[in-house]
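Working notes for the structure below.
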Number of protein chains: 2
Amino acid sequence: MPGPYKWRHRFQGYVCRWTLPREAILDLLSRTSKHMSAKEIYATLYSMYPGIGLTTVYRTLDLLVRSGMINRLSFGDGQNRYEFRSGKKEEHHQHLICTKCGRIIDCSDLFTEQLELLKKAEDVLTKKYNFTVLDHNIEFYGLCEKCKKS
Amino acid sequence: MPGPYKWRHRFQGYVCRWTLPREAILDLLSRTSKHMSAKEIYATLYSMYPGIGLTTVYRTLDLLVRSGMINRLSFGDGQNRYEFRSGKKEEHHQHLICTKCGRIIDCSDLFTEQLELLKKAEDVLTKKYNFTVLDHNIEFYGLCEKCKKS
DNA sequence: AATGTTAATGATAATCATTTTCAATAATAA
DNA sequence: TTATTATTGAAAATGATTATCATTAACATT
Ligand SMILES: [Mn+2]
Ligand SMILES: [Mn+2]
Ligand SMILES: [Zn+2]
Ligand SMILES: [Zn+2]
């Protein structure tokens, strides 16, 4: 909402009109490191933009997922979460999920190991299942620093 | 429902009573290779056991997850799915998910590659994030054989 | 800048998976 | 066989997400 639209140009030809909610939601997700739910996004934006509707948040998130700007994540806690998607391939990262408190930690330290797994995977999956890999997802479940103590 | 209870002994001390629904649900999951939703399980059992209730299916699935007999999977299609959990560690497998038709394929062919990734992961995650890995999950998204053609 | 077209919004209602409630049932110990 | 109570299942409640539709506002045209 503050200032001019920074993201409009990314949607040339994808949508007809660029609007305040779209700018606000994408802007929020591009700034935060959290993995926010629709309701959390709604609550955050509501404080500075009380006119916004939850329906529009859902609709816009869907648009942003379809156009590849954000990722939709489901960790099995009953609601989807969203994260900004960097354009760079090297930014593909993993998630550590604390099974006790639900904390989600980003991890980008397994790049080469991941690449090796992927290389082998694409090979095996293509040959054996005739399956074309387009994307992948790796998650680690366990206990975070805090929860280990308590 | 048919025959004697095959699974009762696995729950010694875990539950007080072993019942028909519990036996039937676990038996079904132990036989199928599908990744079934609660409603699918309910529908399947209903044909041979019309007395069963959807609530009990949900409750029992929860019990079986908590006691480690089955896995709860969420592929982001709005409903959880369940699979029987083999006791053997070597059976840890991946899922290939077709983004077009939703088909889910089991894959156990990346065992050594996975182990290497895991070994490195546990190391990095412990040192850098002080996170204790208890479990992990790897998924591949793409196009299945059928969907590639059409 | 004012106007017209219609894409986009937001309040409301609907849907759908899952959970809660609670009286009835059935597993098991006595 | 009887008593105890864990478990069940119908019904209602919840919570996330989607559909409807009248209103609004983006923006192309004047
Ligand atoms: Mn992330
Ligand atoms: Mn599986
Ligand atoms: Zn934690
Ligand atoms: Zn397919």
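Nothing here was measured: the structure is a model prediction, and the numbers come from that model. Reminder, nothing fancy here: chain letters follow the sequence lines and each chain counts from 1.
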In terms of side-chain geometry, is the basic nitrogen of A/K120 or B/D109 positioned less than 4.0 Å from the acidic oxygen of its partner? no
What about B/T55, does its side chain sit under 3.5 Å from the base of D/dA11 through a donor-acceptor pair? yes
Donor-acceptor pair (no angle test) under 3.5 Å: B/R59 side chain, C/dT19 base: no
[X] side chain N/O closer than 4.0 Å to the phosphate oxygens (OP1, OP2) of [N]?
X: B/R22; N: C/dA27; value: no
X: B/R8; N: C/dT28; value: yes
X: A/Y49; N: C/dT9; value: no
X: A/Y58; N: D/dT17; value: yes
X: A/N80; N: D/dA16; value: no
X: B/T56; N: D/dG9; value: yes

Using the ring centroid of each side chain, check whether A/W7 and A/F84 are separated by less than 6.0 Å.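 Centroid separation for A/W7 and A/F84: below 6.0 Å.
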Closest non-hydrogen atom pair, A/L54 against A/K39: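 For A/L54 versus A/K39, the nearest heavy atoms are CD1-CA, 4.4 Å.
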How long is the line joining [atom1] of [X] and [atom2] of [N], in whole Å?
X: A/D62; N: C/dG10; atom1: CG; atom2: C1'; result: 17 Å
X: A/W7; N: D/dA26; atom1: CH2; atom2: C1'; result: 21 Å
X: B/L20; N: D/dG9; atom1: CG; atom2: C1'; result: 14 Å
X: B/Y14; N: D/dA6; atom1: OH; atom2: P; result: 17 Å
X: B/F11; N: C/dA27; atom1: CZ; atom2: P; result: 17 Å
X: A/R66; N: C/dA8; atom1: CZ; atom2: C1'; result: 13 Å
X: B/L54; N: D/dT8; atom1: CG; atom2: C1'; result: 13 Å
X: A/W18; N: D/dA25; atom1: CH2; atom2: P; result: 18 Å

State which of [options] makes the closest approach to the side chain of [X].
X: B/V15; options: D/dA26, D/dT7, D/dT17; result: D/dT7
X: A/K39; options: D/dT7, D/dA16, C/dA8; result: D/dA16
X: A/Q79; options: D/dC27, D/dT17, D/dT4; result: D/dT17

How about NZ on A/K146, more than 12 heavy atoms from neighbouring residues, nucleotides or ligands closer than 6.0 Å, or not? no
Where do B/R81 and B/I104 land on the side-chain contact (heavy atoms from CB on, under 4.5 Å) test, with the steps shown first? CA-CA 11 Å; B/R81 298 181 169 279; B/I104 299 160; 3.9 Å; yes
Toward the 5' end of DNA chain D, which comes first, B/C16 or A/R72, by nearest nucleotide?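 Looking at the nearest nucleotide for each, B/C16 comes out on the 5' side.
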